[in-house]
Visitor: 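Submitted below is the structure of interest, expressed as structure tokens.
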Protein chains: 2
Amino acid sequence: MREAVGDAVPANRPGRGRRPAARESILDAIRASEPLSRVELAAMTGLTEAAVSMTVRRLLEEGLVVETGRTPTGGKPRTLLRLDPAARLAVGVYLDRDTTTYVLTGQTGGVISRLARPAPTGDLLEHLTTDIGTLLAGSGVDRARCLGVGVVWPGPRGSMARFDDAPPHLRGWDSEELGQRLAAGTGWPVLVENDATAAAVGEYWVARVGPEQAFAALYMGSGIGAGIVVEGRAMRGGHGAAGEFGHVCVQVDGPECWCGSRGCLEILAGPRTVVTAARTDPVAAAEAGLDPSAGRGVAADFAAVARAARAGAPRCLGLLEDSARYVAAAAESVVNLLDIDLVVLTGPGFAAASFVYGPAIMRRVSDADTRTWGRSVTVTVSLAAATASATGAAALVLQSHLRR
Amino acid sequence: MREAVGDAVPANRPGRGRRPAARESILDAIRASEPLSRVELAAMTGLTEAAVSMTVRRLLEEGLVVETGRTPTGGKPRTLLRLDPAARLAVGVYLDRDTTTYVLTGQTGGVISRLARPAPTGDLLEHLTTDIGTLLAGSGVDRARCLGVGVVWPGPRGSMARFDDAPPHLRGWDSEELGQRLAAGTGWPVLVENDATAAAVGEYWVARVGPEQAFAALYMGSGIGAGIVVEGRAMRGGHGAAGEFGHVCVQVDGPECWCGSRGCLEILAGPRTVVTAARTDPVAAAEAGLDPSAGRGVAADFAAVARAARAGAPRCLGLLEDSARYVAAAAESVVNLLDIDLVVLTGPGFAAASFVYGPAIMRRVSDADTRTWGRSVTVTVSLAAATASATGAAALVLQSHLRR
DNA sequence: GGACTTCGTTCAGTAGCTTAAGAATGTGGG
DNA sequence: CCCACATTCTTAAGCTACTGAACGAAGTCC
């Protein structure tokens, strides 16, 4: 029902036999904690050693996994297994407002090559197809190894039509349709996802988060969202629109939000709000070098404010700290509601300003934490926050394929 | 890892074969939409008709399912299948502050018999064991049909020790330990869960919610919590402490909460706050007939306030409406964050006051809904809100067993 | 060199599904 | 009444992914 566009793996595979559970759990265990030996895999997955042995043999034959080294024990040494990074590839595309970013990643999520283009003015589909071709050709890899394409755009899946401020080149598109037509054009399966969920899956994949951790990725781009991964599965909600972190209410009677509600995080503390405040405050605008008459877009201006704050500009720092108070409160709500263990800040916004937001969230969460809940939540910043969406899109493809 | 106390069903059952997926999906489909024929089951579950046929035969032999009636078609009529309500039983126990409620339910969640006792002053375990015995003996059912005992207490799983206002008879207990010792004492498997999650599972079970609905049960007892069920699975979070709806922040710089944070829903709008406000406001206290010097406990006083409000008392109504504004905002946060389709109000608090909270939540959610998100969230009140915890506890047992 | 330890594989058996064919049970037409 | 026809359900054979148990492999220690 809720499988993504182009996902070629129905829940109950027709034909003979069922979807092998061993394959998925073994690959996921190796991904999260490589290198691992077969005995360790058996212990971690709960499978028998025999089952592990057979499944691993198949994975070795397929080239997904390689044996690398051994560790001495009392008896026969363990043979260590890793994912072969180059065995399978995936393309991730991030359709930002003014830039389209393409990445080609290997099986472990590492970026092999990258391409950035200005947002297309002509036919979106044509641009995507040719740019993906360029990316692959330029990196000289075997196209047959590529598993598919992940596409991320800002905002939830579905139609862009209902958003007033949709980027012009995306206006009128529907994510399902885009996915299907791109799949038809390129011949690869295409997954479409929102930026925050993709970033969460990417982080889960690249940062070796285990399925035992309840995990939330807070994503700040031109808006603010959250991707939530529990028990190794991304939460997409009833209609693929989960993660609207920006519309968590942090002030009952706050200002009206464009969504029709009041006091949403987005309107109180979103990047657009921060930038607007900076543009209209002469001091802050001067600190950040903003041109109040001709803003260069939310993302760029937000980054400028963050740079200024980092360099010591007090007014810009103040604006960010105001915003961070709200974000921290909303983050705490999410942590409390879902019993989250790990919060990762990611996306271009947090990439620029995590030095303010990170400590603010950590303070707010840890206060109640140790005192009341007897847990400890970790708050970190993604290592590749700026490009998290695109690599996340690629990780989506890897995940969906390796779970086959 | 995160299986509950006494749960006899590990994720990968040792021994021969795997956990049969067909059994679970068939039982769940019948539960949600009985009566169903075998062909319909095949269509709904994605299994083949042969698999359905075989699995159903086993279920018939076990007595879990019965054939009841047929519907004409063009050819051979369909044989309709239902759960046999009395085939399996479960006991649910709700350890409230001053009352302990016991229910015995059948397989469909219907209550067969009920027992209420004042909270024990002596040995908790002994009281539980004998009362459960009394309940079963009094209803004259076959003890062998009983699958187990579900126990619900206010607050998350784990130790009660860290809560200052824990009821005296529960103080010092840890949920794991209680479950294990009760299991040892009675010989039945025992599951322990918090009130909100149990109520959510109960509602999911009894109200025939399907797994395609993302579902949140908001529970108001002496505190306020949420149980979240997505894709048919209760979300328990990293440490079984998910659902702390009461500690969603609805006002960044709101008053300090006992949890160590600020502006939590609980402190702004929880039943305790409402009751305190009513006790200290002479007008409201008079309307509700509260004795300001000797409150009868939060639950009772809250119910009194709600009764007065329903009868037209303006001050009490005002207090509830104030509270409802906050609850509605927090509910909206949850709906937006998790893309929830269905919100059910349950627990004694909402049982008494849903006439205020229901419309308030509905208004707030539906405003942004149709305008922005193109979805439609349903807000309803549980049919058995007052006893939802106890029946939910029983439903937990049914669910865990039938998923074997 | 042989006992011991630990790791990994092989082999037979089984549960839970599949596909494919057929049996059961109704309807409607001559 | 009997015979197509439609539809539902069952049976039979086979495949796959596992399990358990025994065995082979590759080291260490004495």
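Please read all numbers here as calculations on a predicted model, not as lab measurements. Within every chain, numbering begins at 1; the chains are lettered A, B, ... in the order of the sequence lines, protein sequences first and strands thereafter.
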Visitor: Whole Å only: how far is the CD atom of A:E49 from the C1' atom of C:dT10?
Guide: 14 Å
Visitor: Nearest whole angstrom, please: distance from the P of C:dT25 to the CZ of B:R38.
Guide: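 One finds 12 Å between P of C:dT25 and CZ of B:R38, rounded.
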Visitor: What is the distance from NZ of A:K76 to C1' of D:dG24, rounded to the nearest Å?
Guide: 8 Å
Visitor: Check whether NZ of the Lys or CZ of the Arg B:R233 lies under 6.0 Å from the centre of the six-membered ring of B:Y204 and within 45 degrees of that ring's axis.
Guide: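 B:R233 over B:Y204 ring: no.
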Visitor: B:L47 CG to D:dC9 C1': how many Å, rounded?
Guide: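 In whole Å, D:dC9 C1' lies 15 Å from B:L47 CG.
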Visitor: Between C1' on D:dT11 and CE on B:M54, what's the gap in Å once rounded to a whole number?
Guide: 10 Å
Visitor: I want to check one thing: is the phosphate of C:dT25, taken as OP1 and OP2, less than 4.0 Å away from some side-chain N or O of B:R70?
Guide: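 Result: no.
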Visitor: C:dT10 phosphate, OP1 or OP2: any side-chain N/O from A:R57 under 4.0 angstrom?
Guide: yes
Visitor: Using only heavy-atom distances, determine whether the side chains of B:S25 and B:D28 contain a donor-acceptor pair under 3.5 Å.
Guide: no
Visitor: Could you check how far CG of B:L80 sits from P of C:dG26, rounded to whole Å?
Guide: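 Between P of C:dG26 and CG of B:L80: 14 Å.
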Visitor: For C:dG8 and A:R78 - does any side-chain N or O of the residue sit under 4.0 Å from the phosphate oxygens OP1/OP2?
Guide: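 Checking A:R78 against C:dG8: no side-chain N or O falls below 4.0 Å of OP1 or OP2.
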Visitor: Calculate the interatomic distance between A:I26 atom CD1 and D:dA17 atom C1'; express it in whole Å.
Guide: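 For the pair A:I26 CD1 and D:dA17 C1', the rounded distance is 12 Å.
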Visitor: Starting from the 5' end of DNA chain C, give me the residue, A:S37 or A:G75, whose nearest nucleotide shows up first.
Guide: A:G75
Visitor: Got more than 12 heavy atoms from elsewhere within 6.0 Å of CG, B:L383?
Guide: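 No, the 6.0 Å shell around CG holds no more than 12 heavy atoms from other groups.
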Visitor: Look at B:T79 and D:dC9 and indicate whether a side-chain polar atom (N or O) is within less than 4.0 Å of OP1 or OP2.
Guide: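 Answer yes for this pair, as a side-chain N or O of B:T79 is under 4.0 Å from OP1 or OP2.
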Visitor: Would you mind reading off the distance between B:E67 atom CD and C:dA24 atom C1', rounded to a whole angstrom?
Guide: 13 Å
Visitor: Indicate yes or no for a side-chain donor-acceptor contact from B:D339 to the backbone of A:H239 under 3.5 Å, with no hydrogens or angles considered.
Guide: yes
Visitor: Taking only side-chain N and O atoms of A:T48, does any of them lie within less than 4.0 angstrom of OP1 or OP2 on D:dT19?
Guide: yes
